[in-house]
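Here is the structure we will look at, set down as structure tokens.
In what follows, chains are A, B, ... by sequence order, proteins preceding strands, each numbered from 1. Note that this is a predicted model, so its numbers are computed, not measured.
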Amino acid sequence: MAAIHKKPCTASKSSTESKRTDLKSNEKKGSWAYYMTNSPLLIVMIGLPARGKTYMSKKLTRYLNWIGVPTKVFNLGAYRREAVQSYKSYDFFRHDNEEAMKIRKQCALVALQDVKTYLSEEGGQIAVFDATNTTRERRTLIVNFAQENSFKVFFVESVCDDPEVIAENIMEVKVSSPDYPERDRESVMEDFLKRIECYKVTYQPLDPDKHDMNLSFIKVINVGRRFLVNKVQDSIQSKIVYYLMNIHVHSHSIYLCRHGESLHNLEGRLGGDSGLSERGKKFAVELKAFVKEHNLFDLKVWTSQLKRTIQTAEELGVPYEQWKILNEIDAGMCEEMTYAMIEEKYPEEFAMRDQDKYHYRYPGGESYQDLVQRLEPVIMELERQGNVLVICHQAVMRCLLAYFLDKGADDLPYMKCPLHTVLKLTPVAYGCKVEMFDLKVEAVNTHRDRPLIKVKTPPPMFRRNSFDPLSTKDQIKRPRMYSMGNFSPPPTLPPPAFASTRISEGIESVQRENSVDCFSAPDTGEKST
Amino acid sequence: MLDNEDHLLENHPRELTQNPLKKIWMPHKNSHIGHRRVCMTNCPTLIVTVGLPARGKTYISKKLTRYLNWIGVPTKEFNVGDYRRECLKIYKSFEFFRPDNEEGVKIRRQCAMSALNDVRQYLSVEGGQVAVFDATNTTRDRRGTIMKFAEQNGFKVFFVESVCEDPEVIAQNIVQVKLGNPDYMNCSSEEAIEDFMERIKCYETSYQPLDEDLDSDVSYIKIMDVGRRYLVNRVVDHIQSRIVYYLMNIHITPRSIYLCRHGESDLNIKGRIGGDSGLSSRGKEFAKHLRSFLEEQKIKDLKIWTSQMKRTIQTAECLGVPYEQWKSLNEIDAGVCEEMMYEEIQEHFPLEFALRDQDKYRYRYPKGESYEDLVQRLEPVIMELERQENVLVICHQAVMRCLLAYFLDKTSHELPYLKCPLHTVLKLTPVAYGCKVESVYLGVESVNTHRDRPENVNVQRSTEDALQTVPAHL
């Protein structure tokens, strides 16, 4: 009999009330979706094994974190694996195995304790309790726990009777589970199907007509063919329902790339609406060949409404759709300046941006955080679609990539999205496979690394929408420069201080799951443009 | 139809020109100023309501139509009851609806067919994208006919069924919308209610609700007990997904929405647009009056929303209660024209100024936004307003026009010229199928910032003609 020594490693338990308030106020730095929640929410998954609970838990968590609602998954299987070091067989899950039942219940209680810590002390807003939760008894326990702690509860039940879907699930994620380290596929399948049978005996699905009519829940039937939604209480639950109704499990790939190198890129200028350089045009031609080569079924092509992405798409010779919300981050008063110019003119702004690049908003412009809000409908639509190629911009691409690769606010603004490179994202198991295709057309490097010394400073002031850079005392409002036909040259143009960088040649790097390290820029002290 | 689908006829790459009105880059050949349709769906969609009388079908149809039109999807509702009233000039009694009334059945069938013909006209010929077919459609047979019709014409079908057995809700419905109905113009309330209840009975025996098994291949949403529960089956595309999300967020709990602008700002006084200035002294006075107004109104659980611009926040600060800031509520971005007076815009950008007057809804400021962009930006605000109960939104002129247009079902022509004066609160209360508006002027003087469409919108016009309607300022 395995005694329970410890629970799986989670965040430290050192927090106090004030820490939670601190964290909460930090997070509440205007995260647009944060307003949707007041009391913490406990999302409880329900369903037999191999019904996609963990898939939905992880995806939902990734989405909620991306829109700025601190969310965490608590997977009961992981707790069980901690408690029972080695899994022998499905016998453990028999409902008449008293000893095992005791252990499993104990694990649930430990997991719920961690949920409580996360939501009450560590600044979490939503906890996803990923377990089968197939009996009314277990669910009542959870509901009582939530009530005691003033958490709202929302159930997500996955019901599926399509044997093909179930078999595919098992192959996709169970075969590689820690429970089955060395088994061959067939015996895994056999054992797992028996495991499911153990649960079926005591499974009590949610009953919307009588017993569970006052609970808030969504029942997902047959992988999204049908949904039953009961008593949605607030906006965040409504958003969760909308999200779950838009995701699917069909195989598809999303291609992300930036426009070809632009004239502004050549000069190291931010933003603006310039056209492609010669090399940029060449990239567009290469992109066309790439698309043909990959023979993509029913590919949709999306661009922003800025000239450089549209010019790139034009070359492909296929229909494309323009989205204004895919436009590059608005640099406000810094539009069309180079970094050197910004540093000279607004040194304090420049410094502040390095302190907290995610939350920093350009005067009269946007922040990465604003960008995420703006891009949310794109993500929702990408979830609905099949194969899509999105031709966008550096900051935009970082935001989209961060969603797919589950990168937080710290890493997002420093992800590497070089010009003339296409990223292919394919959902696999619980994450996303990334393949990088360098189309071998030279371009400038527009990436600015994280500064070496990260000084611990108080969070930057949050600019509402003023045109005044927070630092400047100069009260004269400057009109924004624009290039619409008449291009008014800026005061001084320092010579470009960069060399065009050769991106690593012809390497198709295939990354598994969530770790894509080439996109988290290390602090190399590289000279920035 | 996408922007460049006739690429098949041309060589690549094509030269790009920027449409001067909407600032959209298009291949050279398409440089005419066309109305770019929102690409939400490839084929037209036919939404079909299902349900016994007094279940909120018309309420849902009208609301949904209003929402879809506002977000730019051309939508029209076709109420079979209206067709029946056209056909059968005088309504006598519920007997008309008895299932054994052969002639009644014939006439009703004809009306449905007539309506479907108009649907076909709207979707296939007139450029409509969504048609809402509002009728009881309670039998599988009738629904089958409609689905066949849709298939023949290449329309997708989505059913919206409303199921409700709560007698209180039904009674409320009848009082709210049936008593004022042309059918019951000449009866007393009691007679009307009695007759209507009999009418419902006529449908009940033959009612075949959408069934999980028998209708498993049909796309639909079943709304139960006014939104307490939903069953959603086979959503196939983006527009259906949006419709489901919308329907799941609306409610009928009585409440009011208060819309107003920030108090008069320093830039307002100078006749300048945009920017991020603070309140003038009169603006501050307004904020105080607003506070008194709210206290008088004694509004239950009022939520207060502002933009992230100084002037709305300063206004809210005076109220002494918590408020929430939304960046999406920020004023329209006037791009290069920010902080300019209309006179200056005319002086520096006379072409832009004229284009704006030609099509104020679609016109996008250089490096800025259009009203059309604003609507897209405000859609989440509308969605959240639908979920909420009592809310006060302190915003800006263009923003307020967009929100108001949604609630009052104004077209894109009317929207940019809606009157939203400073220091005036609009109280919107949903009633029957629409919205009651009460305008409350809080008695603090301010400049007028409303600029009507001038007579001469020609790009060659004189400065005098261009500035004809500019309101007075310092």
_Quick check on A/Val241 against chain B: is it the side chain, the backbone, both or neither that has a heavy atom closer than 4.5 Å?_
side chain

*Minimum-distance pair of heavy atoms, taken over all atoms of B/Arg229 and A/Pro208*: NH2-O, 2.8 Å

_Could you tell me if the side chain of B/Gln308 sits less than 4.5 Å from the side chain of A/Arg361, heavy atoms only?_
yes

*Should A/Gln385 and B/His238 count as side-chain neighbours, where that means a heavy-atom distance under 4.5 Å?*
no

*Straight-line distance of A/Asp330 CG to B/Asp333 CG, nearest 0.5 Å*: 6.5 Å

*Can you measure from CG (A/Asn230) to CG (B/Asp225) and round to the nearest 0.5 angstrom?*
9.5 Å

*Contacting region of A/Arg384 [heavy-atom separation from chain B under 4.5 Å]*: side chain

_A/Glu383 versus chain B, the contacting section by heavy-atom distance below 4.5 Å_ = neither

*Check the surroundings of atom NZ in B/Lys222: do more than 12 heavy atoms from other residues, nucleotides or ligands lie under 6.0 Å from it?*
yes

*For B/Asp373, is it the side chain, the backbone, both, or neither that has a heavy atom closer than 4.5 Å to a heavy atom of chain A?*
side chain

*What part of B/Gln376 lies closer than 4.5 angstrom to a heavy atom of chain A: side chain, backbone, both or neither?*
side chain

*asked:* So which residue, B/Met248, B/Met224, B/Glu379, B/Arg364, ends up with the most heavy-atom pairs under 4.5 Å with chain A?
replied: B/Arg364

*To the nearest 0.5 Å, tell me how far A/Asp273 CG sits from B/Lys367 NZ.*
5.5 Å

_Region of A/Asn222 that comes under 4.5 Å of a non-hydrogen atom in chain B_ = neither

*asked:* Once rounded to the nearest 0.5 Å, what's the spacing between atom CD of B/Glu212 and atom CD1 of A/Ile221?
replied: 6.0 Å

*Closest contact, heavy atoms only, B/Trp25 versus A/Leu306*: CD1-C, 4.1 Å

*With a 4.5 angstrom heavy-atom cut-off, which part of B/Asn249 approaches chain A: side chain, backbone, both or neither?*
side chain

*When rounded to the nearest 0.5 angstrom, what is the spacing between CG in B/Leu16 and CG in A/Leu276?*
9.0 Å

*Is there side-chain contact between A/Glu366 and B/Lys327, with at least one heavy-atom pair below 4.5 Å?*
yes

*Give, as side chain, backbone, both or neither, the part of B/Met383 having an atom under 4.5 angstrom from any heavy atom of chain A.*
neither

_Quick one, A/Tyr242 with B/Arg242, criterion side chain to side chain contact (heavy atoms under 4.5 Å, CB included). Give me CA distance, side-chain angles, the key distance, then yes/no._
CA-CA 9 Å; A/Tyr242 184 45; B/Arg242 289 287 285 274; 3.4 Å; yes

*Mind checking whether A/Lys324 and B/Lys23 have side chains closer than 4.5 Å, heavy atoms only?*
no

*Rounded to the nearest 0.5 Å, how far does CD1 of B/Ile24 lie from NZ of A/Lys307?*
15.0 Å

*Non-hydrogen atoms of chain A under 4.5 Å away: do they reach the side chain of B/Val236, the backbone, both or neither?*
backbone

*Counting only heavy atoms not in B/Arg234, do more than 12 sit closer than 6.0 Å to its CZ atom?*
yes

*Please report the shortest heavy-atom distance between A/Ser238 and B/Arg387, naming the atom on each side.*
CB-NH1, 3.4 Å

*Report yes if the side chains of A/Arg226 and B/Val235 come closer than 4.5 Å at any heavy-atom pair, otherwise no.*
no

